[in-house]
Amino acid sequence: MIVLGLGNDLCNIERIQASLDRFGSRFTARVFTPVEVARSERRQLTRAASYAKRFAAKEACAKALGTGFRMGVFLRDIGVVNLPTGQPTLALTGVLLNVLPT
């Protein structure tokens with residue numbers, strides 16, 4: 001495994017809840033992958049927290065890669081997926097595939 005960089009981010013759950021309340025599926029469709037939406041929507045009591053964790057992971061990944069969200073990088077290009085063990089991992093798509101060393 002190659003470590004490209006480190007990223008760290010925090011996300012306010014109330015801020016995510018406000019976006020969910022105001023924009024609903026427009027917000028989730030723009031920011032999250034279908035897999036992330038399905039997983040978060042199953043968590044009725046901690047729905048906003050589930051989305052917030054995924055949002056923070058996406059921002060931390062963009063920081064670690066050094067791309068940020070510019071030059072064609074979008075939030076949906078970073079997907080937080082869980083292994084069968086429950087361990088979270090990232091699935092990158094779009095222009096981010098060209099950032100990684102081969």
Side-chain angles (χ1 to χ4, degrees):
M1 178 170 83
I2 298 172
V3 176
L4 297 177
L6 299 174
N8 184 357
D9 202 74
L10 297 174
C11 184
N12 187 314
I13 296 170
E14 288 80 19
R15 186 176 131 224
I16 296 297
Q17 183 63 59
S19 293
L20 290 167
D21 292 342
R22 183 170 180 192
F23 301 108
S25 62
R26 282 187 17 220
F27 170 66
T28 58
R30 183 173 180 168
V31 175
F32 301 98
T33 67
V35 170
E36 292 172 311
V37 171
R39 190 161 183 100
S40 295
E41 289 297 323
R42 286 196 307 257
R43 290 168 169 69
Q44 290 303 310
L45 296 176
T46 59
R47 179 176 166 246
S50 180
Y51 279 120
K53 288 185 274 190
R54 284 162 171 67
F55 190 90
K58 290 167 181 276
E59 289 195 336
C61 177
K63 288 177 184 177
L65 293 173
T67 61
F69 294 106
R70 55 185 167 73
M71 299 182 307
V73 176
F74 300 99
L75 285 162
R76 284 190 50 157
D77 290 336
I78 304 169
V80 180
V81 294
N82 295 84
L83 299 177
T85 60
Q87 176 186 6
T89 187
L90 298 172
L92 306 179
T93 60
V95 299
L96 287 175
L97 294 176
N98 299 324
V99 172
L100 301 175
T102 55

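By convention here, the first residue in the shown sequence is residue 1. Source: prediction; values computed, not measured.
The hydrophobic cluster around Leu83 extends to none of the other residues, as no ILVMFWY side-chain heavy atom falls under 4.5 Å of it.
Here the straight-line distance linking atom SG of Cys61 with atom CZ of Phe69 works out to 7.5 Å at 0.5 Å rounding. Going from atom NZ of Lys58 over to atom SG of Cys11 covers 11.5 Å, rounded to the nearest 0.5 Å. Within the model, atoms CG of Leu20 and CD of Glu41 stand 7.5 Å from one another, a figure rounded to the nearest 0.5 Å.
In this structure, Phe27 is not a member of the same hydrophobic cluster as Phe74, with clusters built from ILVMFWY side-chain heavy atoms closer than 4.5 Å. Linking Ile, Leu, Val, Met, Phe, Trp and Tyr residues whenever their side-chain heavy atoms come within less than 4.5 Å leaves Phe55 and Ile13 in two separate clusters. One hydrophobic cluster holds both Leu75 and Phe23 under the rule that ILVMFWY side chains link at heavy-atom gaps under 4.5 Å.
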Donor-acceptor contacts under 3.5 Å from residues 86-96 side chains, at least two apart:
unit_1, atom_1, unit_2, atom_2, d
Thr93, OG1, Asp77, O, 3.4

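Heavy atoms only, all atoms of each residue included: Ala62 and Ile78 are closest at N-CD1, 4.1 Å. The two atoms that bring Gly79 and Thr33 nearest to each other are CA-CG2, 4.0 Å, heavy atoms only.
Inter-residue side-chain proximity for Arg76 and Pro34 is flagged as met; some heavy-atom pair is nearer than 4.5 Å.
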- [ ] Tell me, with the steps shown, if Ser50 and Arg54 meet side chain to side chain donor-acceptor pair (under 3.5 Å).
- [x] CA-CA 6 Å; Ser50 180; Arg54 284 162 171 67; 3.2 Å; yes
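Within a 6.0 Å radius of CZ in Arg43, more than 12 heavy atoms belonging to other residues, nucleotides or ligands are found.
The closest donor-acceptor contact from the side chain of Ser40 to the backbone of Glu36 lies under 3.5 Å.
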